[in-house]
Chemist: 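Sharing a structure, written as structure tokens. Questions coming.
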Amino acid sequence: MREWTHAEHVSAAATEIARMADVLRGREMSVPVLTCPGWDLARLVTHTGGVHRWAATMVADLAERRYDRRGTDMGLPADASGYPAWLGAGASPLSEALLSQDPQAPMWAWGGERRVRFWSRRMLHETLVHRMDAELALGVPVSVDEDVAADGVEEFLDILPYALWNPDVAELRGGGETISLQADTGAGWVITLDPDRFHHRRSLQPGSVTVRTATSADLLQIVWGRRSVDDYAVEGDAGLVGWWRELARI
């Protein structure tokens, strides 16, 4: 698996923003987004573009605390037909903010790595997942670069323990059971459930239950709840992976 730099995450995030804007251009913003219950495309766009602008402001300030997103000037167009262009326009200020700072500079972040570089990776995968949401809503084939998807699976596992707003995450522990996520492209992870926590490592080994997919993009959709694990090959304790999917939400 590829090791990413901060600058590479910034560049990939900008590419994903442009791709999402292209998917949405000329579309009816009232289309429901079934993978985000209660949302339509307008809500998906305003959320995603709003997060970009919020994160850019905090990075530019090296914020020591979380800013209230409601206090960020979003510059949202009055007409929803302008939302895709507005989304795309957010790539430049986000990239400029991220590249203007030392990636190791301390700042507020909700994950384990409370540094600027947390946000370059997070903005890439925030955008990627919501680009997939838009494609699924519109019936457009989902296509994700394998290196990006593999990093996205690992990022999900890295940040999941810090999703403290979901109390179910604290229940992700056990007696040494293992959940193996394996893509035919060669990326793989094993999650181990210890009595006090879970941990994960890159590994091609099977587990108490093993999920096998064609690509890391398939695994990415599974961990983010965009596809059912039942769509793929499951070997071993299927109930264990079903339990994990119910609780492991961000």
Chemist: Got Trp86 and Met74 here, is their nearest side-chain heavy-atom distance under 4.5 Å?
Modeler: yes
Chemist: Count the heavy atoms of every other residue, nucleotide or ligand shown that sit under 6.0 Å from CG of Asp73, and state whether that count exceeds 12.
Modeler: no
Chemist: Does one side chain, of Glu126 or His47, offer a donor that lies under 3.5 Å from an acceptor on the other?
Modeler: yes
Chemist: Return the CD to CG distance between Glu154 and Leu219, rounded to the nearest 0.5 Å.
Modeler: 12.0 Å
Chemist: Does Glu235, at its CD atom, have more than 12 non-hydrogen atoms belonging to other residues, nucleotides or ligands within less than 6.0 Å?
Modeler: yes
Chemist: Does Gln104 CD have over 12 foreign heavy atoms under 6.0 Å away?
Modeler: yes
Chemist: Decide side-chain contact (heavy atoms from CB on, under 4.5 Å) for Tyr83 and Leu76; before the verdict, give the C-alpha distance in whole Å, the side-chain angles of both, and the deciding distance to 0.1 Å.
Modeler: CA-CA 7 Å; Tyr83 284 7; Leu76 195 65; 3.6 Å; yes
Chemist: Check whether Thr48 reaches the backbone of Thr127 with its side chain - one donor and one acceptor, N or O, closer than 3.5 Å.
Modeler: no
Chemist: Whether Arg43 and Asp40 form a salt bridge (side-chain N of Lys/Arg under 4.0 Å from carboxylate O of Asp/Glu) is what I want to check.
Modeler: no
Chemist: Can you find a heavy atom in the side chain of Trp108 that is under 4.5 Å from one in the side chain of Phe118?
Modeler: no
Chemist: Just jot down the side-chain contact (heavy atoms from CB on, under 4.5 Å) partners of Ile250, sequence neighbours excluded, or say none.
Modeler: Trp110, Phe156, Ile159, Leu160, Ala163, Trp165, Trp224
Chemist: Give me the atom names and distance for the closest heavy-atom approach of Val209 to Val234.
Modeler: CG2-CG1, 3.6 Å
Chemist: Return the CZ to CG distance between Arg202 and Leu181, rounded to the nearest 0.5 Å.
Modeler: 14.0 Å
Chemist: Between Asp237 (side chain) and Gly239 (backbone), is there a donor-acceptor pair under 3.5 Å?
Modeler: yes
Chemist: Are the side chains of Leu138 and Leu41 in touch, meaning some heavy atoms are under 4.5 Å apart?
Modeler: yes
Chemist: To the nearest 0.5 Å, what is the distance between CZ on Arg19 and CZ on Arg131?
Modeler: 3.5 Å
Chemist: Rounded to the nearest 0.5 Å, what's the gap from CG on Asp133 to CG on Leu128? Could you check?
Modeler: 9.5 Å
Chemist: Can you name the residues that form a ring-ring contact (aromatic ring centres under 6.0 Å, His included) with Trp243, not counting sequence neighbours?
Modeler: none
Chemist: Taking it one step at a time, do Met1 and Trp189 satisfy side-chain contact (heavy atoms from CB on, under 4.5 Å)?
Modeler: CA-CA 11 Å; Met1 285 178 55; Trp189 298 266; 3.5 Å; yes
Chemist: Check this for me: Arg70, atom CZ, are more than 12 non-hydrogen atoms of other residues, nucleotides or ligands nearer than 6.0 Å?
Modeler: no
Chemist: Please answer whether the main-chain N or O of Arg117 pairs with a side-chain N or O of Ser120 as donor and acceptor at a distance below 3.5 Å.
Modeler: yes
Chemist: Quick one: NE2 on His52 to CD on Glu16, what's the gap to the nearest 0.5 Å?
Modeler: 9.5 Å
Chemist: Transitively linked via ILVMFWY side-chain contacts under 4.5 Å: Val45 with Val140?
Modeler: yes
Chemist: I'd like to know whether Trp4 forms a side-chain contact (heavy atoms from CB on, under 4.5 Å) with Arg121, so could you lay out the CA-CA distance, the side-chain angles of the two residues, the decisive distance to 0.1 Å, and finally the verdict.
Modeler: CA-CA 9 Å; Trp4 290 72; Arg121 193 185 195 197; over 6 Å; no
Chemist: Would you name the heavy atoms of His6 and Gln101 that are closest together and state the gap between them?
Modeler: NE2-O, 4.4 Å
Chemist: Pair Val211, Arg245 - check side-chain contact (heavy atoms from CB on, under 4.5 Å), show working.
Modeler: CA-CA 12 Å; Val211 179; Arg245 279 299 307 120; over 6 Å; no
Chemist: Taking side chain as C-beta onward, heavy atoms only, is Ile17 less than 4.5 Å from Met123?
Modeler: no
Chemist: Rounded to the nearest 0.5 Å, what separation is found between the CG atom of Asp61 and the OG1 atom of Thr57?
Modeler: 7.0 Å
Chemist: Taking C-beta and beyond as the side chain, do Leu136 and Gln221 meet within less than 4.5 Å on heavy atoms?
Modeler: yes
Chemist: Which atoms form the tightest heavy-atom contact between Ala149 and Ala217, and what is the distance?
Modeler: CB-N, 3.5 Å
Chemist: Kindly say whether Thr215 contributes a backbone atom to a donor-acceptor pair with the side chain of Asp218 at under 3.5 angstrom?
Modeler: yes
Chemist: Treating Glu146 as the side-chain partner and Ser216 as the backbone partner, does any N or O pair qualify as donor plus acceptor under 3.5 Å?
Modeler: yes
Chemist: So, applying side-chain contact (heavy atoms from CB on, under 4.5 Å) with Thr213, which one of Thr185, Ile222, Asp184 is it?
Modeler: Ile222
Chemist: Counting only N and O atoms by type, is there a donor-acceptor contact under 3.5 Å from the side chain of Glu28 to the main-chain atoms of Ser30?
Modeler: yes
Chemist: Tell me every residue that passes side-chain contact (heavy atoms from CB on, under 4.5 Å) with Thr178, counting only those two or more places apart in sequence or in another chain.
Modeler: Val190, Thr192, Ser208
Chemist: Verify, without hydrogens or angle tests, whether Thr210 (side chain) and Gly207 (backbone) share a donor-acceptor contact under 3.5 angstrom.
Modeler: yes
Chemist: Indicate if Val129 and Leu34 have the same hydrophobic cluster label, given that clusters are the connected sets of ILVMFWY residues with side-chain heavy-atom separations under 4.5 angstrom.
Modeler: no
